[in-house]
Amino acid sequence: MTTILIDDEKLAISRLKRLLAEHQSFIDIVGEAYNGIDGLKIVEALQPDLIFLDIEMPGMNGFEMLAQLTYSPMVVFATAFDEYAIRAFEENSIDYLLKPIEKERLEMTIQKLRKTSSSFDNQQFLKLIEQMRPKKEMVSISVKTGDRILLLRLEDISYFEAEDKYTFLITTEGKKYLTDYTLTNLEEKLPDSFLRVSRSFIVNSRLIKEVQKHFSGKFILFLDDRNQSKIESGIKYAESVKSLINN
């Protein structure tokens, strides 16, 4: 199982790596992060099968990080605090380990995972993992600006635009940020309030204040944002725009 370790204590990660080394035929550590913000970024980028996740971390705790994820891996919590146990299992976690993690206790966790996987072939196991992952609706998107990572709420995004090989998002305030997603990726992840209207644009339909017919079956969409944006729809997306009008 591809695995990422997320903990703000480097010594805790080092100890966990040593313990997991005995199970390297089953656990493949592909990355690590030392806070929730970096954890969010690496999980979205690598999409592992499993994460070992601390709870109390500066900036963004483990629960807050999970709430921001658009991709949901299986989770084993590893923390020094036992008061989070009930909430941890409400998050569909596989297990809850108290620090310092003991070798024997970790082996019980590994056995849980092994027992599940041994009952199925690989394809069935991947399907089971997918079924066990909680389905979370995307509510924000992370963007990098300089040395910072911003979490932008979807309601504050006016539209997404593809330019050459890049995809940008434009906020309701008119700010423009580069994203790591393609429009196709975004179509799969965004809620229904975002509408693909052309090969180059996905718009926040809640900001559409006016629709005008254009030539060749196209439409012009007027958005209620700071820039008073105007988006031209594509011919093949005409039915999507019409359905929006009819609603």
Side-chain angles (χ1 to χ4, degrees), residues 1-136 142 149 151 180:
M1 300 183 70
T2 54
T3 304
I4 288 175
L5 313 181
I6 305 171
D7 196 309
D8 65 326
E9 299 177 8
K10 293 188 177 182
L11 287 177
I13 285 187
S14 296
R15 174 178 173 78
L16 185 53
K17 287 173 72 174
R18 288 199 307 271
L19 293 173
L20 289 173
E22 298 184 17
H23 307 281
Q24 59 185 346
S25 63
F26 183 66
I27 298 293
D28 178 19
I29 299 174
V30 296
E32 55 192 67
Y34 301 104
N35 58 66
I37 295 175
D38 289 343
L40 174 67
K41 183 177 180 181
I42 194 172
V43 171
E44 292 282 17
L46 300 183
Q47 300 194 349
D49 301 317
L50 172 69
I51 61 175
F52 282 82
L53 179 64
D54 189 15
I55 295 177
E56 288 289 350
M57 296 183 290
M60 179 186 294
N61 69 37
F63 294 125
E64 292 169 335
M65 194 206 83
L66 290 178
Q68 296 291 341
L69 286 174
T70 60
Y71 173 82
S72 299
M74 299 173 76
V75 181
V76 172
F77 285 100
T79 178
F81 305 94
D82 60 3
E83 63 263 33
Y84 297 114
I86 293 177
R87 185 175 176 188
F89 283 105
E90 288 176 349
E91 293 283 348
N92 290 343
S93 65
I94 297 300
D95 211 343
Y96 185 91
L97 302 175
L98 283 175
K99 298 177 184 176
I101 298 172
E102 299 296 333
K103 176 181 177 181
E104 293 76 13
R105 182 63 182 84
L106 179 61
E107 287 179 350
M108 292 174 62
T109 300
I110 299 299
Q111 286 304 314
K112 286 184 181 181
L113 295 166
R114 285 188 179 277
K115 184 176 180 180
T116 303
S117 62
S118 65
S119 301
F120 301 87
D121 63 31
N122 187 57
Q123 193 63 32
Q124 288 175 315
F125 184 47
L126 292 176
K127 289 181 180 179
L128 178 65
I129 291 175
E130 187 61 33
Q131 291 169 0
M132 292 180 69
R133 289 174 180 144
K135 302 301 182 183
K136 297 178 182 290
S142 59
I149 296 177
L151 295 174
D180 294 327

Evaluation steps, side chain to side chain contact (heavy atoms under 4.5 Å, CB included), between Glu107 and His23: CA-CA 9 Å; Glu107 287 179 350; His23 307 281; 3.8 Å; yes
Pairs involving residues 9-18, ordered by first then second residue, that meet side chain to side chain donor-acceptor pair (under 3.5 Å) (sequence neighbours left out): Lys17-Glu32
Approximate separation, where rounding is to 0.5 Å, of Ile4 CD1 and Asp28 CG: 10.5 Å
Contact summary for Lys99 and Ala78, nearest pair of heavy atoms: CE-O, 3.5 Å
Polar side-chain atom of Tyr71 near backbone of Pro48 as donor-acceptor pair, under 3.5 Å: yes
Verdict with reasoning, Val43 to Leu69, per side chain to side chain contact (heavy atoms under 4.5 Å, CB included): CA-CA 8 Å; Val43 171; Leu69 286 174; 3.7 Å; yes
Heavy-atom side-chain contact between Leu97 and Phe77 under 4.5 Å: no
Check: Phe26 and Leu20 side chains under 4.5 Å, non-hydrogen atoms: no
From Leu40 atom CG to Leu151 atom CG, the distance as rounded to the nearest 0.5 Å: 6.0 Å
Nearest-0.5 Å distance, CG of residue Leu106 to CD of residue Gln111: 10.5 Å
Heavy-atom side-chain contact between Ile6 and Asp54 under 4.5 Å: no
Listed once per pair and sorted, the salt bridge (Lys or Arg N to Asp or Glu O under 4.0 Å) pairs that draw on residues 69-80, sequence neighbours left out: none
Shortest non-hydrogen separation from Asn61 to Ile55 and the atoms involved: CB-O, 2.9 Å
Nearest non-hydrogen partners of Lys112 and Ile94, listed with the distance: NZ-O, 3.7 Å
Nearest heavy-atom neighbours spanning Gly62 and Leu53: O-CD2, 3.7 Å
Distance in Å, Leu5 CG paired with Phe52 CZ, rounded so as to fall on 0.5 Å steps: 7.0 Å
Contacts of type side-chain contact (heavy atoms from CB on, under 4.5 Å), residue Ile37, not counting sequence neighbours: Asn35, Met60, Ile149
Between Asp49 and Thr2, a side-chain donor and acceptor under 3.5 Å: yes
Least distance between heavy atoms, Ile110 atom then Ile27 atom: CD1-CG1, 3.9 Å
Flag side-chain contact, heavy atom, 4.5 Å: Asp7 against Thr79: no
Backbone of Met1 reached by a side-chain donor or acceptor of Thr3 within 3.5 Å: yes
CA sep, side-chain torsions, deciding dist, call: Val75, Tyr96, side chain to side chain contact (heavy atoms under 4.5 Å, CB included): CA-CA 9 Å; Val75 181; Tyr96 185 91; over 6 Å; no
Partners passing side-chain contact (heavy atoms from CB on, under 4.5 Å) against Asp180 (at least two apart in sequence or in another chain): none
Test item: Ile51 and Met65 side chains (from C-beta on) under 4.5 Å apart, heavy atoms: yes
Partner residues of Glu22 under the salt bridge (Lys or Arg N to Asp or Glu O under 4.0 Å) criterion, sequence neighbours left out: Lys103
Under the side-chain hydrogen bond (donor to acceptor under 3.5 Å, both in side chains) test, residues paired with Ser142 that sit two or more places apart: none
Qualifying salt bridge (Lys or Arg N to Asp or Glu O under 4.0 Å) pairs, either residue in residues 34-46, two or more places apart: none
Any pair counted as salt bridge (Lys or Arg N to Asp or Glu O under 4.0 Å), so long as it reaches residues 65-81, sequence neighbours left out: none
Over all atoms of both residues, closest heavy-atom pair of Leu98 and Ala80: CD2-C, 4.2 Å
